Enquirer: 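My questions all concern the structure below.
Counting starts at 1 for both ligands and their atoms, following the listed order. Atoms considered below: every heavy atom in the structure, side chains included; atoms not considered: hydrogens, waters and symmetry mates. Bear in mind the structure is a predicted one, so any value in this text is a computation, not a measurement.
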Amino acid sequence: MRKFKCGFVSIVGRPNVGKSTLLNSLLKEKVSIISKVPQTTRYIIRGILNLKSTQIVFVDTPGIHLFKDRLTSSLNILALNALKDVEVILYVTDSTRPPHKEEEKIMNSLALRKTPLIMALNKIDKSEKYIPDYIEMWQRKTGGKKGSLKYFIPISALKGTGLDKIQEVIVESLPQSPPFYEKDTITDFPIFYRVSDVIREKICSLLKEELPHNIAVEVESIDNQGSLVKVQARILIAKKSHKLIVIGRRGSMIKEIGTLARKDLEDMFGKKVFLDLWVKLEKDWYNKPRVLKELGYTGI
Ligand SMILES: Nc1nc2c(ncn2[C@@H]2O[C@H](COP(=O)(O)OP(=O)(O)OP(=O)(O)O)[C@@H](O)[C@H]2O)c(=O)[nH]1
Ligand SMILES: [Mg+2]
């Protein structure tokens, strides 16, 4: 009989390259939230793919960013720590955009490691234009050697292109080991944080510019009894002037956030959800260690 394989695979890269989209596509299940704004992912989120004789534990991470606030440095630490003690690193880049300064930071860190590395050049459904730039940059960093890099794989996380290849090379690299999780586990992401992320995803999709960066969601209670789940959550804003935008004219924006989030939460819980949302001003929360800790943005 073939021996069972199991291991951890961290997904890293700069914000917005499609790490969470890739995780969800690999799992064929929505575990991690997705949006057009940077810093959508603020937690370490494990998603488990159960194959016939292999269990792959994917670890989605916040995008590594060069902002100078405490939130960003916390998220960068989370992401870099998630590279330790894993069997494979999946480094995601965006082929539609040239390498950015953030790429230097990431590649410098990756080039020092011995962990087998796969570079997934994403968004090829849109363009493959900058693929050579990423390859060249890596080769420059490693003095022309491949280093720990095993493969460059062009992919589209959105369309599913190249994902079979990714899965195949990951399985190849994993050690023999019994599974870490029960076979029907998809994620161990705690429900309070999952719910808060669903709400934040809707905020990211409805609000513009830098506003989502200034917003956090804290779930206060989940009462799951009988045929109804009651959720109470507060939306933290960093500036007084944001209150009106989040609430909208006669409450239209917060209502829309609530309606969209409730739909997803009802799918998640498989029952009716009553969602009670309110807005709280917590000035400059993204620079307050206490609040970051409470929100789980320093690790959960
Ligand atoms: N065209 C195209 N768009 C993609 C692809 N993968 C992701 N996107 C889009 O890129 C944006 C960012 O996707 P996310 O998955 O949230 O990116 P992320 O790397 O997890 O971002 P952070 O969590 O902020 O670090 C979204 O608008 C996605 O729909 C792809 O393969 N092709
Ligand atoms: Mg993400």
Side-chain angles (χ1 to χ4, degrees), residues 9-47 58-67 69 71-83 89-97 99-103 105-106 118-131 134 152-166 187 189 193-194 196-198 200-217 264 286 295-297 300:
V9 179
S10 271
I11 307 175
V12 286
R14 62 180 286 213
N16 232 26
V17 292
K19 298 178 293 301
S20 303
T21 307
L22 177 59
L23 173 75
N24 293 343
S25 294
L26 285 161
L27 297 180
K28 299 190 180 72
E29 194 72 53
K30 184 154 174 188
V31 167
S32 199
I33 59 164
I34 290 167
S35 90
K36 279 188 280 204
V37 302
Q39 293 190 331
T40 300
T41 307
R42 291 179 180 167
Y43 299 113
I44 295 300
I45 298 171
R46 281 178 285 274
F58 288 104
V59 185
D60 189 14
T61 65
I64 292 171
H65 211 317
L66 298 176
F67 277 165
D69 59 19
L71 170 65
T72 306
S73 48
S74 247
L75 299 182
N76 287 347
I77 292 170
L78 282 185
L80 292 171
N81 278 342
L83 300 178
I89 296 172
L90 194 50
Y91 169 35
V92 185
T93 62
D94 181 344
S95 318
T96 69
R97 296 164 74 193
H100 180 261
K101 265 191 289 179
E102 283 152 349
E103 229 70 53
K105 183 176 163 92
I106 302 168
I118 299 165
M119 197 194 272
L121 302 138
N122 193 26
K123 306 197 187 181
I124 58 161
D125 57 285
K126 220 165 143 193
S127 166
E128 302 190 5
K129 187 168 174 199
Y130 294 102
I131 287 182
Y134 286 97
F152 295 107
I153 307 179
I155 64 160
S156 164
L158 200 65
K159 307 276 181 209
T161 322
L163 304 199
D164 286 352
K165 179 73 184 163
I166 290 209
T187 184
F189 189 29
Y193 298 112
R194 250 186 122 176
S196 94
D197 259 7
V198 168
R200 203 162 50 78
E201 184 182 60
K202 306 311 168 198
I203 294 172
C204 289
S205 74
L206 292 169
L207 297 179
K208 296 206 176 64
E209 312 286 318
E210 81 292 356
L211 208 62
H213 176 76
N214 290 296
I215 283 173
V217 175
D264 278 21
Y286 46 73
L295 289 165
Y297 293 168
I300 49 178

Enquirer: Drop me the distance from E201's CD to S32's OG, to the nearest 0.5 angstrom.
Expert: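 E201 atom CD to S32 atom OG measures 9.0 Å (nearest 0.5 Å).
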Enquirer: Considering only heavy atoms of P38, which atoms of ligand 1 have at least one such atom less than 4.0 Å away?
Expert: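 Selected atoms, number and element: 24 (O).
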Enquirer: Looking only at atom types and distance, does a side-chain atom of S95 sit under 3.5 Å from a main-chain N or O of Y130, one as donor and one as acceptor?
Expert: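 Absent.
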Enquirer: Is D197 salt-bridged to R194, going by a charged N under 4.0 Å from an acidic O?
Expert: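 Here D197 does not pair with R194 in a salt bridge, since their nearest N and O are not under 4.0 Å apart.
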Enquirer: Counting from 1, what ligand 1 atoms have a heavy atom of K126 closer than 4.0 Å?
Expert: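 Per the distance check, 1 (N).
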Enquirer: Enumerate the atoms of ligand 1 whose separation from the nearest heavy atom of S156 is less than 4.0 angstrom.
Expert: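 By the 4.0 Å cutoff, the relevant atoms are 31 (O).
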Enquirer: Say you draw a straight line from CG of D264 to NZ of K30; how long is it, rounded to the nearest 0.5 Å?
Expert: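 That separation rounds to 5.5 Å.
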Enquirer: Select the closest option to atom 23 (O) of ligand 1 among T41, T96, T61, judged by heavy-atom distance.
Expert: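 It is T41 whose heavy atom sits nearest to atom 23 (O) of ligand 1.
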Enquirer: What are the atoms of ligand 1, with element, lying closer than 4.0 Å to any heavy atom of D125?
Expert: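 Under 4.0 Å from D125, ligand 1 has these atoms: 1 (N), 2 (C), 30 (C), 31 (O), 32 (N).
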Enquirer: How long is the straight-line distance from CG of D125 back to NZ of K159, given to the nearest 0.5 Å?
Expert: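 If we round to the nearest 0.5 Å, K159:NZ and D125:CG are 5.5 Å apart.
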Enquirer: For the residue pair H213 and Y286, categorise the inter-ring angle as parallel (less than 30°), tilted (30 to 60°) or perpendicular (more than 60°).
Expert: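 Taking Y286 first and then H213, their aromatic rings sit tilted (interplane angle of 30° to 60°).
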Enquirer: Could you tell me whether the side chains of T72 and Q39 share a donor-acceptor contact shorter than 3.5 Å?
Expert: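 Yes - a donor-acceptor pair under 3.5 Å links their side chains.
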Enquirer: Per the side-chain contact (heavy atoms from CB on, under 4.5 Å) rule, which among L23, I44, I11 passes with V59?
Expert: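 Single pass found, and it is I44.
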Enquirer: Tell me the protein heavy atom at minimum distance from atom 8 (N) of ligand 1, and give that distance in Å.
Expert: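 The closest one turns out to be K123 CE, 3.7 Å.
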Enquirer: What closest approach, in Å, do G63 and N76 show between heavy atoms, and which atom pair accounts for it?
Expert: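 In this case the closest contact between G63 and N76 is O-OD1, 3.8 Å.
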Enquirer: When rounded to the nearest 0.5 angstrom, what is the spacing between NZ in K105 and CZ in R14?
Expert: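 Reported to 0.5 Å precision, the distance equals 13.5 Å.
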Enquirer: For atom 27 (O) of ligand 1, grab the closest protein heavy atom and report residue, atom and distance to one decimal in Å.
Expert: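 Result for atom 27 (O) of ligand 1: K36 CG, 3.4 Å.
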Enquirer: Please state which part of S32 comes within less than 4.0 Å of ligand 1, counting heavy atoms only: side chain, backbone, both or neither.
Expert: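 Answer for S32: neither.
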Enquirer: Is S20 close enough that one of its N/O/S atoms sits under 2.8 Å from the Mg ion (ligand 2)?
Expert: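 Yes, S20 qualifies, because one of its backbone or side-chain N, O or S atoms lies under 2.8 Å.
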Enquirer: Which of the numbered atoms in ligand 1 are under 4.0 angstrom from any heavy atom belonging to V37?
Expert: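 Close to V37: 24 (O).
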Enquirer: Which ligand 1 atoms does Q39 reach within 4.0 Å, using its non-hydrogen atoms?
Expert: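 Those atoms are 24 (O).
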Enquirer: Give the residue, atom name and distance (to 0.1 Å) of the protein heavy atom nearest atom 17 (O) of ligand 1.
Expert: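 Residue, atom and distance for the closest contact: G18 N, 3.1 Å.
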Enquirer: Atom CG of L163 and atom CG of L26: how far apart are they, to the nearest 0.5 Å?
Expert: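 L163 atom CG to L26 atom CG measures 5.0 Å (nearest 0.5 Å).
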Enquirer: Under 4.0 Å from a heavy atom of G63: which atoms of ligand 1 are those, numbered in the order shown and with their elements?
Expert: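 Answer, ordered by atom number: 25 (O).
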Enquirer: Which residue owns the protein heavy atom closest to atom 25 (O) of ligand 1, what's the atom, and how far is it?
Expert: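 The protein heavy atom lying closest is K19 NZ, 2.8 Å.
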Enquirer: Quick check: does T41 have an N/O/S atom under 2.8 Å of the Mg ion (ligand 2)?
Expert: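 Checking T41: at least one N, O or S atom is under 2.8 Å.
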Enquirer: Return yes or no for this condition: an N or O of K159 is under 3.5 Å from an N or O of ligand 1.
Expert: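 So ligand 1 has no N or O lying under 3.5 Å from an N or O of K159.
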Enquirer: Would you indicate whether the side-chain heavy atoms of V31 and N24 approach each other to under 4.5 Å?
Expert: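 Yes, at least one pair of side-chain atoms sits under 4.5 Å.
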Enquirer: Could you grab the distance from atom CD1 of I155 to atom CG of L22, nearest 0.5 Å is fine?
Expert: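 I155 CD1 to L22 CG: 4.5 Å, rounded to 0.5 Å.
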Enquirer: Tell me which protein heavy atom sits closest to atom 13 (O) of ligand 1, plus the residue, atom name and distance to 0.1 Å.
Expert: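 The protein heavy atom lying closest is T21 OG1, 3.5 Å.
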Enquirer: Among all protein non-hydrogen atoms, which one is nearest to atom 26 (C) of ligand 1, and what is the separation to 0.1 Å?
Expert: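 Heavy-atom neighbour on the protein nearest atom 26 (C) of ligand 1: S35 O, 3.6 Å.
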Enquirer: Which residue and atom name correspond to the protein heavy atom nearest atom 22 (P) of ligand 1, and how close is it?
Expert: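 Checking every protein heavy atom, the shortest distance to atom 22 (P) of ligand 1 gives N16 N, 3.7 Å.
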Enquirer: Hey, does I34 come in under 3.5 Å of ligand 1, counting only N/O atoms on both sides?
Expert: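 By distance alone, the answer is no.
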Enquirer: Could you see which bit of V17 sits under 4.0 Å from ligand 1, with heavy atoms only: side chain, backbone, both or neither?
Expert: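 The answer is both, backbone and side chain.
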Enquirer: Could you say whether the N/O atoms of I33 and ligand 1 ever approach to under 3.5 Å?
Expert: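 N/O-N/O distance below 3.5 Å does not exist for this pair.
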Enquirer: Among protein heavy atoms, which sits nearest to atom 6 (N) of ligand 1, and what does the distance come to when rounded to 0.1 Å?
Expert: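 Atom 6 (N) of ligand 1 sits closest to the protein heavy atom N122 ND2, 3.2 Å.
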Enquirer: Backbone N or O of A157 within a donor-acceptor pair of the T21 side chain at under 3.5 Å?
Expert: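 Checking the backbone N and O of A157 against the side chain of T21, no donor-acceptor pair under 3.5 Å is found.
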